[in-house]
Novice: 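Okay, here's the structure, questions in a sec.
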Amino acid sequence: MEYTISLAGNPNVGKTSLYNRITHSLEHVGNWHGVTVSEVSKTIMYDHHTVNMVDLPGLYSLTIYSMEEGITRDNVLSGKNDLIVSVCEVNNLSRNLYLTLQLLELNVPLVLVINMMDELKKQGKVLNYRKLESFLKIPIIPMSAKYHSDVHLLMDVSIDYIQHFRGNKVKLTYLDKLPLQDVMSIISANASNAGLQPRWAAIKVLEKDEFVLEKLALNDEQKKALEAFGDWQSKVAQARYEFIDMITEGAVSKPVYDEHREMHEHVTHHVPLETEPASDNETLYDRHKRYHDQYKNSTKLYMQAYSRIDKVVLNKYLALPIFLALMCLIFFVTFGLVGNWLSNLLDFLITKFIYAPVTNGLTSINSPVWIVNLVGEGVILGVLGVLKFLPQVVLLFFFLALMEDSGYISRVAFMTDGLFRKIGLSGRSVFTMLMGFGCSATAVLTARGLEDPTMRKKTVILTPFMSCSARLPVYTVVAGAFFASGKFLVIFGLYILGAAVSLLLAVIFEKWTKKLKSGKLSFIMEMPPYRIPTLERVVQIIFHNAKVFIVKVGTVVFALNVIVWVLSNFSFTQGYTAGGENSILALFSGFIAPVFKPLGFGNWRAVTSLLSGFVAKEVVVSSIESLGGVSVVFTGANASLSALTFLVYTLLYVPCIATFSAEIKEVGIKWALFGLCMQLVVAYVVALLFHSLGLAFMLNPGITVGVAVVVVIALIVTGVLVNRIKNRGQCSCGCGSCSLACAKRDKKQNEKDDKDAGKK
Amino acid sequence: MTLMDARTDKVYKVKEVHGDGNEKRRLLDMGFTPDCKIYVAHVAPFGGTILVGLRGFMVALREDAASLIEIGEAN
């Protein structure tokens, strides 16, 4: 038989981890909400059945708020699933069950997975899932997908359940409190026309779900009749949660001391007592109840997601320094300490064991010169020149994954939200931008979790300015050639520049463009608890990223490099010309080259490498290598300045085709093209500014620095003055921490005014 | 008294969620229903955003969302 089974649940409950376990895939997982942004499916064979597993983006409710949640809702409503596996997390069971109840309202075949049992065990708690089962009347499977988990049990139960499914038997008693019959009598005809279940549609009408209301296409009379019911929004939610509170009461027992637990096991699960209880008048059952009440009434709210670490990490004064220090550390390890050493080792091995033997071998068998050069320069130096950056790229991805999996990235989003809202972005954009340090194309896709379309557009357009891992080989090779000792500083500066440019553009968009101005936005983001990635996951991250990088170098970079080498070493008339001043590419790129004259690298070689970089940024460096190396590409009196300007340009211009197509997918061709043009213009302008400043500095360092300082001070002073003038009359404090106080004060003032008005 | 006026590390009870449309419903869906116990764990370093704990999980809210949540003393 052929079945379709979908995984649905709240964000960050481990749906993708479970999916990876079942299908043996390597889909991206992380410890924050909204990692999965699209429907992923894979067909597997299980016990003579063909099972199509579908992984869906997380959502809190079937009434949706952002794009990716819509994907899940549409899938669930489509009716193509033979079974939905509702994945819950044991730490906040009640909110997870909220979605499960909504799925039960839909009356779809449902199996409940309760994930992260390992964390419950660590807290010394137990889950009485039999109790939940007796209420919900669906199979419940506790597991921990992060570690070893019994997916076979889940699959066996699921397939068995599909085969014997005769409708859900659960009694959703809370629905009796809602005026569903009355609503259904009004809308039932519309619901069957729209292909919705009348009862479910009625519930959603009470919740004022825009999607359902639109689908029902009610006439004015019906709308009026519905309005007479009044506001049921909060009552629906409350009814659900009350029901959940009822069924979960005591399902997860709180941390108990041994005697309590023993009593509990004895009374509830009939486990014989190990120790003889002291004989007094209290029965065992009563004693258990006493312990139980004692714990139930403890007022302290236990939160796994907020720990002592957060008190430090989110401290008012320490938060930002800690974040910056961490970034510096990551940077230092990746580029300096470990990464550099590993790269040099790889470089040494490549030159010694591949380059030298192969070229010598080719020469010894009297191959034509152009073949020796094609293989030697074009393929080995170019492609392997990129490949040697494997350790650094893998390290960078490893650290990013660590930030993601530990949950720190959510803290960064939380603490920077105050800053980011001022420039029209939200803390949520920080996810996307930090991911941009890894790969721009995949980072752009994570922007889908942003609810506000304007903010999503901005984030997507600005993320490519963050320096991605593909740009890293370019910096290292070029900066390494010109600034041996200052290499580290140059690369660091470039990363900062990328981030600064994107933030500056965000400010400009927010202040001066109407189309890209974000409105009033609420920021509702769940904070995951800190989690330690498993060793298995760490190994996975390393091997997966290494594989991706090697495949990219072996295909795209290799192919393009051969093309560039051939085109730059053959001319239309003379055939093979070493050096290639008359080659096909020299003609073509030489035509564009004058545009880059003001930037200092207006020669055909530099332009060729930039052009080839449109495909993938790594190609920039492999092209440089196969065109004769850094020393040939950057010549003249100010070679080092030209090289630096070249790096600035490489940082800022279009990242790659993959990113561009991801942008089209996320924000449409119009905005993607706008982003493309903006990247080209910004790259040119910034590089030009940089180059002219550099030239001026070389002519007369003293005056240049003086003028620069004066300009900066002038800008700051005007900025402050403008702010002062703007804020006059209102609450005068500008910083975010005061704005809470401001709002409080304003509110008090309003209340006072109201009271005064009342007296009159 | 709304969540904006809450002291950190003190347990309150949700009385009501104001507002309308998406904003309100999302808060309700997240579990900010009447009688739910709630507390503010942290105020963001740059202000404007607070970290709220309820029903066993933490959620970051901006002040505009926080001001929609009416709270009262927990007994």
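Each chain gets a letter, A, B and so on, in the order the sequences are listed, and its residues count up from 1.
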Novice: Given that the side chain runs from C-beta out, which part of A:Y65 has a heavy atom under 4.5 Å from chain B: side chain, backbone, both or neither?
Specialist: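 Only the side chain of A:Y65 comes within 4.5 Å of chain B.
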Novice: Angle class for the A:Y408/A:F323 ring planes (parallel below 30°, perpendicular above 60°, tilted otherwise)?
Specialist: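 Ring orientation of A:Y408 relative to A:F323: tilted.
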Novice: Give, as side chain, backbone, both or neither, the part of A:N10 having an atom under 4.5 angstrom from any heavy atom of chain B.
Specialist: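 Contact with chain B involves no heavy atom of A:N10 at all.
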Novice: Locate the shortest heavy-atom distance separating A:M455 from A:S429; write the atom from each residue and the value.
Specialist: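 Scanning both residues completely, I find the closest heavy atoms to be CG-OG, 4.4 Å.
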Novice: Show the nearest heavy-atom pair for residues A:L99 and A:L59, with the distance to one decimal.
Specialist: CD2-O, 3.6 Å
Novice: When you measure from the centre of the six-membered ring of B:F46, is the NZ or CZ of A:R421 under 6.0 Å away and within 45° of the axis?
Specialist: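 Geometry flag: not set, cation outside 6.0 Å or 45°.
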Novice: Heavy-atom pairs under 4.5 Å with chain B - which of A:Y98, A:Y60, A:F414 has more of them than the others?
Specialist: A:F414
Novice: Just checking, any donor-acceptor pair under 3.5 angstrom between side chains of B:T33 and B:R55?
Specialist: yes
Novice: Would you mind telling me which of A:A413, A:G427, A:A319, A:S234 has the largest number of heavy-atom pairs within less than 4.5 Å of chain B?
Specialist: A:S234
Novice: Between B:K37 and B:Y39, is NZ or CZ placed under 6.0 angstrom from the six-membered ring centre and within 45° of the ring axis?
Specialist: no
Novice: Tell me, side chain or backbone of A:N315 under 4.5 Å from chain B's heavy atoms, or both, or neither?
Specialist: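 The backbone, not the side chain.
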Novice: Examine whether an atom of A:E207 lies under 4.5 Å from a heavy atom of chain B, and if so say whether it belongs to the side chain, the backbone or both; otherwise answer neither.
Specialist: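 The answer is both parts of A:E207.
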Novice: Please classify the contact of A:I244 with chain B as side chain, backbone, both or neither, using a heavy-atom distance under 4.5 Å.
Specialist: neither
